[in-house]
2 protein chains.
Amino acid sequence: MGPMRRPTMTDVAREVGVTAKTVSRVLNDDGPVAVETRERVLAAVTKLGYRPNLMARNMRVGARDAAIGLVVPEMGNPFFGTVAGGVESAVRARGLTLIVGSSSETAGLEQSLIATFLARRVSALMVVPAASSDHRHLRSERMAGLPIVFLDRPAVGLRADCVVSANREGSRAGVAHLVAHGHRRIGFVGDAPASLYTRRERFQGYRDALDGAGLPFDRALVEAGHDMEAAAQATMRLLSLADPPTAVFAGNNLASMGVVVALARAGRKEVAVVGFDDLPLAEALDPPLTVVAQDPAGVGAAAAEMVLRRLDGDRSRARRTTVPTRLITRGSGELPPP
Amino acid sequence: MGPMRRPTMTDVAREVGVTAKTVSRVLNDDGPVAVETRERVLAAVTKLGYRPNLMARNMRVGARDAAIGLVVPEMGNPFFGTVAGGVESAVRARGLTLIVGSSSETAGLEQSLIATFLARRVSALMVVPAASSDHRHLRSERMAGLPIVFLDRPAVGLRADCVVSANREGSRAGVAHLVAHGHRRIGFVGDAPASLYTRRERFQGYRDALDGAGLPFDRALVEAGHDMEAAAQATMRLLSLADPPTAVFAGNNLASMGVVVALARAGRKEVAVVGFDDLPLAEALDPPLTVVAQDPAGVGAAAAEMVLRRLDGDRSRARRTTVPTRLITRGSGELPPP
DNA sequence: CCGACCTATGTCAACGTTGACATCCGCTGT
DNA sequence: ACAGCGGATGTCAACGTTGACATAGGTCGG
């Protein structure tokens with residue numbers, strides 16, 4: 001019951017009466033080994049409960065760890081969870097392990113997570129940047145040839161591959177949908193301005209749609225809320241304006257939930273809504289929620305493919321991949337203005 | 001642009017004109033170092049872009065990796081994402097890194113993930129078991145003193161710590177709530193029978209509540225659906241029975257969504273519903289969804305604390321921690337039978 | 001002015017594994 | 001009978017780092 005030392009290859013070898021090298025050969029299917037020896041080795045392995053030490057192996061072989069590090073802002077947000085899932089299945093097919101860490105949307109934590117991944121000699125790095133983080137410190141890694149791919153939001157201060165959603169176009173389409181149904185005062189509820197790439201893009205799409213329809217932009221209709229409750233309160237502020245919006249565009253999944261909750265609380269079912277990013281319950285809402293659906297698993301998969309290409313030696317210049325979005329009309333965007 | 005070798009401690013040492021050991025001393029704040037030497041070393045470190053090699057360090061020190069491996073069935077499910085988030089923040093406070101992998105609810109993948117974690121010499125293992133997996137193979141690890149904690153579902157064939165929700169009690173309370181509002185035919189939509197611990201417990205709670213109220217159990221009212229769409233179809237089957245239920249209890253978050261979607265599609269708002277596990281949009285549904293809320297972050301945190309205690313040397317026998325659930329009444333459970 | 005002592009640094013080996021190369025054996029072909 | 005070959009195994013060093021111990025100067029008290 002003591003905290004006994006883990007058995008090593010040498011222990012197994014001693015048990016069988018051979019050298020560590022022979023055990024190594026058996027375990028890696030390397031070089032010739034007598035059938036009987038192989039069997040005895042395997043028996044000893046299970047008997048002693050031997051587990052190969054990947055750290056020692058990687059070090060000797062000089063190879064990088066067969067792991068890929070992924071940094072996401074929050075694990076609890078299903079969007080990032082699904083992205084991670086998409087990455088994982090693509091990466092697993094190649095025998096690579098995915099290591100996920102969460103930065104809590106904090107630049108400092110993101111950096112230290114990246115540092116521990118690098119110290120672990122991961123063979124590639126995938127990052128969903130935290131708001132206001134800077135990636136200049138990764139330049140030397142890029143130079144050294146480490147594959148680095150950014151997801152959902154591009155790198156700051158670093159030319160690197162990235163995979164993003166068609167934020168601006170999708171947003172434009174979503175708002176245009178509201179415009180097409182007669183709305184002229186359309187609120188925007190999203191993240192805090194300036195900080196986040198996705199918020200900037202989606203906001204631009206919102207403005208594009210207004211401009212395209214010749215509608216005036218009213219700063220008073222733009223509100224921020226970084227989580228669901230804050231978004232709900234932002235929505236309440238919009239509704240209590242002297243000249244309130246007849247429709248609201250929500251800039252991300254949490255904002256959508258906040259908007260929907262606020263409208264439900266206020267009993268304002270007649271306000272039209274379009275949300276960016278689909279929600280599993282969108283269909284069950286009253287009215288069912290029209291959304292600009294992203295493809296989070298697709299983003300993850302595309303990023304993973306990019307990484308695999310880089311690992312296979314693709315040295316071409318950094319590329320940006322845009323994953324299309326899709327307007328799913330369910331009703332909430334088709335409500336006419338009063 | 002060549003794939004040049006990463007600089008090692010020796011490279012830094014050569015650059016400065018000292019030995020690797022001195023560099024090591026600087027980087028670990030070990031032993032005395034002249035102020036000037038320290039500065040020159042640090043300068044060389046940044047100049048060369050040196051990153052310590054954790055694998056080599058861990059090997060030399062013989063310590064286990066400062067990482068904890070967590071296996072979850074699916075990353076995309078917000079329940080597990082939130083659990084992982086709870087684990088992460090608790091574990092990070094101790095300077096440990098969390099490595100998350102997903103088993104896709106498959107026993108085989110779970111085993112191979114665990115194997116790579118063990119090969120990486122993680123200092124502890126946390127597992128949300130896949131359906132129908134068996135953990136006898138971890139016995140030798142437990143003997144060797146590796147902390148292993150199971151979350152949400154207990155281990156199979158292994159005495160080990162585990163942290164679970166109050167499934168049976170919560171479920172009983174949820175169903176009792178429906179009973180209290182006059183329902184006598186209450187459907188159950190959950191995972192496939194037998195396979196999953198949580199499903200068994202929650203189903204028992206359902207039966208407890210029926211028994212407690214002297215209501216008959218009708219096998220026809222029990223349906224299974226492993227994802228949202230399947231749960232929706234299961235609900236449709238219940239509704240089309242000759243003698244349909246007037247209320248439905250959903251056994252997990254996906255089932256809840258499926259039930260709610262199905263009722264919305266069928267326009268059957270009068271059917272009462274209580275779901276196990278809270279949903280972010282529960283409040284925005286019509287009627288707002290009454291749920292038996294779990295505390296996923298709390299489950300993660302409790303499990304992390306358990307692990308930390310074990311790492312601190314607590315050798316007491318395996319313990320089971322139960323995290324309470326809470327009935328949140330919002331309306332859907334209070335609908336009277338027609 | 002010498003030994004005790006402290007500071008700053010170096011030397012060496014070891015962690016567990018595997019590549020490069022060596023060795024030993026029995027068998028084949030001539 | 002002997003060279004030659006291929007199969008089975010061993011030996012050694014090295015990967016990057018650090019613990020244990022050693023060394024080279026300098027300071028200080030008596």
Side-chain angles (χ1 to χ4, degrees), chain A residues 3-42 44-45 48-66 115-116 118-123 144, chain B residues 3-42 44-45 48-66 115-116 118-123 144:
Chain A
M4 50 192 173
R5 203 175 45 86
R6 284 206 73 84
T8 76
M9 234 172 207
T10 318
D11 297 325
V12 177
R14 190 177 316 116
E15 175 85 11
V16 181
V18 294
T19 335
K21 182 70 220 199
T22 301
V23 177
S24 166
R25 276 194 261 261
V26 171
L27 267 47
N28 298 300
D29 263 326
D30 194 22
V33 181
V35 209
E36 196 223 337
T37 311
R38 151 172 282 109
E39 278 164 10
R40 286 171 47 221
V41 166
L42 292 177
V45 163
L48 298 185
Y50 167 78
R51 305 268 188 175
N53 187 328
L54 250 197
M55 296 193 295
R57 171 172 221 288
N58 286 336
M59 206 179 68
R60 168 65 237 240
V61 180
R64 313 197 66 88
D65 194 358
T116 78
L118 291 175
R120 239 173 217 92
R121 297 292 189 267
V122 292
S123 43
Chain B
M4 50 191 174
R5 205 174 45 86
R6 283 206 75 84
T8 76
M9 237 175 205
T10 319
D11 297 324
V12 176
R14 190 178 315 117
E15 175 85 10
V16 181
V18 294
T19 335
K21 181 72 220 199
T22 302
V23 178
S24 166
R25 275 194 262 261
V26 171
L27 268 45
N28 298 300
D29 263 324
D30 194 23
V33 181
V35 209
E36 196 222 335
T37 311
R38 151 171 283 110
E39 279 164 9
R40 286 172 47 221
V41 166
L42 293 178
V45 163
L48 299 185
Y50 167 78
R51 305 267 188 176
N53 186 330
L54 251 196
M55 296 192 295
R57 172 173 220 288
N58 287 335
M59 206 178 69
R60 169 66 238 240
V61 180
R64 313 195 68 87
D65 194 357
T116 78
L118 292 175
R120 248 178 207 82
R121 297 294 188 267
V122 292
S123 43

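Proteins get letters first, then strands, A, B, ... in listed order; numbering begins at 1 in each.
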Looking at the base of dG16(D), is there any donor atom on it, or on the side chain of R6(B), that sits under 3.5 Å from an acceptor on the other one? no
Considering all heavy atoms of both residues, which atom of A13(A) and which atom of T19(A) are nearest to each other, and what is their separation? CB-C, 3.4 Å
CE of M59(A) versus P of dG19(C): gap in Å, rounded? 14 Å
Distance check needed: dT7(C) P versus E36(B) CD, whole Å only. 19 Å
Which of these nucleotides, dA8(C), dT18(D), dG19(C), is closest to any side-chain atom of K21(B)? dT18(D)
Expressed as a whole number of angstroms, how long is the span from Y50(B):OH to dG16(D):P? 10 Å
Please enumerate all residues that pass side-chain hydrogen bond (donor to acceptor under 3.5 Å, both in side chains) together with N28(B), with sequence neighbours excluded. S24(B)
Any side-chain heavy-atom pair from L42(B) and R38(B) closer than 4.5 angstrom? yes
Does T8(B) put a side-chain nitrogen or oxygen below 4.0 Å from OP1 or OP2 of dG16(D)? no
Nearest-angstrom distance from the residue atom CG of N53(B) to P of dT17(D): 6 Å
Roughly, in whole Å, what's the span from CZ in R25(A) to C1' in dG10(D)? 8 Å
Is there a donor N/O on one and an acceptor N/O on the other, under 3.5 Å, for the side chain of R60(A) and the base of dT18(C)? yes
Give a yes/no on whether any side-chain N or O of T37(A) is located under 4.0 angstrom from OP1 or OP2 of dA8(D). no
Enter the distance from M9(A):CE to L48(A):CG here, rounded to the nearest 0.5 Å. 13.0 Å
Is T10(A) near enough to dT17(C) that one of its side-chain N or O atoms lies under 4.0 angstrom from OP1 or OP2? no
Classify the nucleic acid contact of N28(B) as base, sugar-phosphate or nothing, counting any heavy atom under 4.0 Å across all strands shown. sugar-phosphate
Spacing between D30(B) atom CG and dG19(D) atom P, to the nearest angstrom: 6 Å
N/O (side chain, T22(B)) to phosphate O (OP1/OP2, dT9(C)) under 4.0 Å: no
So CE of M55(A) and CZ of R64(B): to nearest 0.5 Å the spacing works out to 8.0 Å
Please report how far the helix from dC1(C)-dG30(D) to dT30(C)-dA1(D) bends, comparing the axis fitted to its first five pairs with the axis fitted to its last five, to the nearest 10 degrees. 50°
